[in-house]
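Only heavy atoms go into these numbers, but all of them, side chains included; no hydrogens, no water, no symmetry mates. All chains are named by letter (A, B, ...) in the order of the sequence lines, taking the proteins before the strands, and each is independently numbered beginning at 1.
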Amino acid sequence: MAFLEIDNVTLTFRGIAALTGVSFTVDKGGIVSLIGPNGAGKTSMLNCISGRYTPDSGSIHLGGRDLLAVPAHARTSLGLSRTFQNIALFKGLSVLDNLMVGRHARMSYGLLASILYFGPARRAEDAHRRRVEDVIDFLRLSPYRHHPAGKLPYGVQKRVELGRAMAAESDLILLDEPMAGMNLEETEDMARYILDINEEWGMTVLLVEHDMGVVMDISSKVVVLDFGRVLAEGPPEAVMADPAVVAAYLGGEDAVFLGR
Amino acid sequence: MHGQCGLFFRTYAGEAQLFPGRFLKISMLLFFAALCLAPWAMNKYLVSILCLINISVIGAVSLNLLTGSCGQISLGHGAFFGVGAYSAAYLANLGLPFLLVLPGAGAITALTGMVFGLPSLRLKGIYLAIATLAAQLILEYVFLHWDAVTGGSGGMALDPPSIFGFAFDSDLKMFYLTLAVAVLCVLAVRNVMRTRLGRAFVAIRDYHLSAEIVGVDLFAYKLRAFGLSSFLAGVGGALWGSYTMYITPEQFGIGLSVSYLAMIIIGGLGSVIGGVFGAVFITILPELLNFIAQHAGAAFTDLSGALLAMKEGVFGLVLVLFLIFEPEGLANRWRLVKSYWKLYPFAH
Ligand SMILES: Nc1ncnc2c1ncn2[C@@H]1O[C@H](COP(=O)(O)OP(=O)(O)OP(=O)(O)O)[C@@H](O)[C@H]1O
Ligand SMILES: [Mg+2]
């Protein structure tokens, strides 16, 4: 069984299908890109994996565990984390605290330790702070450590959100358009970060991205969605040469999509 | 001559302290020394105001934990305060010692708060406000009609608290007791806010979908916020009952709930020190207006009646002006002043 296995997932909203019989796999250690035109169902797919939506039918397994049997908040401790297409940071918390919340599922001291801030709480806070500082260094967020996340520039907020997902030290990280709205330099940085997350931090990546240049450069595998169905799945070059994919893109208003 | 400019920390623990820096530690120490000595130079009336402030601090800080930090609006905090007072009276009349009455009242109120917090799983914002308003009305009804336990409209009497035979039977003694409990409550909330629990509360307030993704069980944590906040409110209510020594249902009406909300809005939502400032401000303001009305009245006798009548209006006006000119609360002003003095005289 593959590391992440999506099998025959169907999702409808009041009778309108967002996903129809979607199946694909993600191997451990890979960077898999999920692409497709607007409204193809990419975000909906991520939402099914992370637990925000529940598919009507089908199954999703991570490392052999049935994810759909587990409530969303408990999936984090099974090794799953994600970022959102629209920035979804905790605006009132500092960058540091946003990242510390990212480790919520990894901490376990109790209510009394919280209230008294003695032994276990103090030690845990200190240890987790160390791990978070590694992420802060890696993403070059140290100038903003104590700034409220909501007041930072857009590009930095995107990085903080990546940091929050990284802080969880999950096995699988879901990234929903991490480069959207970024300039060329920020996009290159982000691509570098994703590669490092994959290679150095050992996280498997499932990436939704519109920037085809990036997708072709960094993916080990590409899955194409169109109208909620899988159109093609395979290595980047093979998928891009697939006549069905070319037709889907060139035929529609998304011709620009392949234009880069 | 050189001094240190700004603050530097060598360890993460150093940075996570409640009062970072020697200056702040010494200032806090001096402040508390002054606060402990002050009542000796005050008359009974002023000391009684200090007692009320201490108790209000507990109420405001606990509501701020629930509403300001966790984002769960509550219009029932006054009634939860009442549950604490009635529980304290009931437990004390059973013959329990005060040291058990206090946490006992807190525990009963925590349970009550969690039950009335159940709708928060489904309801948000204004809808939750209405649900907690219902809690307020239901509890008021219970205070008034559960005669066997609450004494109905007749109310209940309490003896002054006594700990190991020491009776807190004067305003001065009550001042120290309420101060000690208030300080413990504030420290507890401050600790919660710098740990996993407090961060989860703020995460729920700021973006509940992300909170769920990082592994926060929304329902469990909202209930914890209700439980913790109500526990402290119960402790505050128990002190209030022991201090006034006579409780009746109308003391815990919707007016009390609203004034706690006013405290945390004026003080600064989600800020612990803001809750303290708000409680001090809202408790002192009417007394101050009284004082002004009386003294101005002495000078212009024909004015005194008009001034007294205007008091309520002035109270409202001050609140509105505050909301307009200090929308982020006193805590924000405090932060600005603090950072000004930290860098003084070098305004970088
Ligand atoms: N909560 C919802 N309620 C109703 N319809 C929804 C909901 N979420 C998604 N949809 C619909 O499902 C389809 C797929 O949407 P989705 O957001 O997954 O697309 P996407 O591939 O992420 O698009 P984009 O590239 O624009 O982000 C769309 O037709 C959308 O309108
Ligand atoms: Mg999307």
Side-chain angles (χ1 to χ4, degrees), chain A residues 47 50-52 71-78 80-84 87-94 96-111 113-118 121-130 132-133 145-146 148-150 161 164-165 167-168 174, chain B residues 7 9 11-18 20 65 68-71 110 184-221 223-225 227-228 231-232 268-271 328 332 335 339:
Chain A
N47 283 341
S50 73
R52 186 154 158 211
H73 67 85
R75 293 184 195 185
T76 324
S77 17
L78 297 184
L80 186 70
S81 66
R82 77 170 284 185
T83 65
F84 291 87
I87 292 173
L89 285 174
F90 308 121
K91 293 192 167 64
L93 288 176
S94 66
L96 175 65
D97 279 341
N98 265 280
L99 268 54
M100 289 292 275
V101 179
R103 297 186 66 81
H104 181 87
R106 293 190 160 265
M107 305 188 194
S108 60
Y109 59 84
L111 179 66
S114 262
I115 291 173
L116 301 175
Y117 202 69
F118 71 104
R122 199 181 285 262
R123 277 194 301 276
E125 287 294 314
D126 216 59
H128 286 278
R129 172 81 190 267
R130 263 163 235 282
V132 161
E133 286 294 334
R145 193 182 278 116
H146 294 294
E161 211 184 327
R164 185 177 69 195
L174 314 176
Chain B
L7 266 180
F9 299 100
T11 61
Y12 297 138
E15 201 177 64
Q17 288 174 97
L18 279 188
L65 179 68
S69 300
C70 194
L184 286 180
C185 290
V186 171
L187 286 180
V189 174
R190 277 280 284 178
N191 279 341
V192 164
M193 290 315 295
R194 60 178 171 156
T195 53
R196 173 177 191 261
L197 188 59
R199 285 190 299 261
F201 288 162
V202 180
I204 291 175
R205 176 195 73 189
D206 280 357
Y207 219 119
H208 69 282
L209 291 173
S210 300
E212 192 164 39
I213 292 302
V214 298
V216 176
D217 182 345
L218 298 183
F219 186 48
Y221 275 80
L223 278 193
R224 273 172 221 196
L228 206 53
F231 181 90
L232 297 176
L269 285 170
S271 148
E328 293 190 57
N332 191 47
R335 206 160 33 238
S339 61

* Asked: Under 3.5 Å, is there a donor-acceptor pair between the side chain of B/Ser210 and the main chain of A/Ala88?
  -> yes

* Which region of A/Ala74, side chain (C-beta onward) or backbone (N, CA, C, O), has a non-hydrogen atom less than 4.5 Å from a non-hydrogen atom of chain B, or is it both or neither? -> neither

* Structure fact -> Whatever's closer than 4.5 Å to a heavy atom in chain B on A/Ala168 counts as neither

* Asked: Is it true that a side-chain atom of A/Tyr117 and a backbone atom of B/Arg190 form a donor plus acceptor pair closer than 3.5 Å?
  -> no

* Asked: Got a second to check how far B/Ile213's CD1 is from A/Leu80's CG, nearest 0.5 Å?
  -> 7.5 Å

* Asked: Relative to chain B, which segment of A/Ser108 carries a heavy atom at a distance below 4.5 Å: side chain, backbone, both, or neither?
  -> backbone

* Asked: Going through the distances and angles, do A/Ile115 and B/Asn191 end up as a side chain to side chain contact (heavy atoms under 4.5 Å, CB included)?
  -> CA-CA 5 Å; A/Ile115 291 173; B/Asn191 279 341; 5.6 Å; no

* **Minimal non-hydrogen separation, B/Ala203 against A/Val101, with atom names** => CB-CG1, 4.1 Å

* B/Leu218 and A/His73: CA distance, side-chain angles, deciding distance, side chain to side chain contact (heavy atoms under 4.5 Å, CB included) verdict -> CA-CA 8 Å; B/Leu218 298 183; A/His73 67 85; over 6 Å; no

* To do: Any chance you could measure B/Leu209, atom CG, to A/Arg52, atom CZ, to the nearest 0.5 Å?
  => 4.5 Å

* Contacting region of A/Ile87 [heavy-atom separation from chain B under 4.5 Å] -> backbone

* Asked: What closest approach, in Å, do B/Thr195 and A/Ser114 show between heavy atoms, and which atom pair accounts for it?
  -> OG1-OG, 2.9 Å

* Asked: Between atom CG of A/Asp97 and atom CZ of B/Arg194, what is the distance when rounded to the nearest 0.5 Å?
  -> 12.0 Å

* Could you check which of A/Met100, A/Lys91, A/Arg106 has the highest count of heavy-atom pairs closer than 4.5 Å to chain B? => A/Met100

* Mind checking the CG-OH spacing from A/Asn98 to B/Tyr207? Nearest 0.5 Å is all I need. => 12.5 Å

* Relative to chain A, which of B/Gly198, B/Ala200, B/Ala211 shows the most heavy atom pairs under 4.5 Å? -> B/Ala211

* B/Asp217, B/Val189, B/Leu197: which one forms the most heavy-atom pairs within less than 4.5 Å of chain A? -> B/Asp217

* Asked: Relative to chain A, which segment of B/Leu228 carries a heavy atom at a distance below 4.5 Å: side chain, backbone, both, or neither?
  -> side chain

* Is the A/His104 to B/Tyr221 ring centre distance short of 6.0 Å? -> yes

* Heavy-atom distances under 4.5 Å only: say whether A/Ser50 touches chain B with side chain, backbone, both or neither. => both

* To do: Please look at A/Arg75 and chain B and tell me whether the side chain, the backbone, both or neither of the residue comes under 4.5 angstrom of a heavy atom of that chain.
  => neither

* What's the shortest heavy-atom distance between A/Gly92 and B/Arg205, and which atoms? -> CA-NH2, 3.9 Å

* Between B/Glu212, B/Arg196, B/Met193, the one whose heavy-atom pairs under 4.5 Å with chain A are most numerous -> B/Arg196

* Pairwise distance CZ(B/Arg199) to CG(A/Leu96) - rounded to 0.5 angstrom -> 8.0 Å

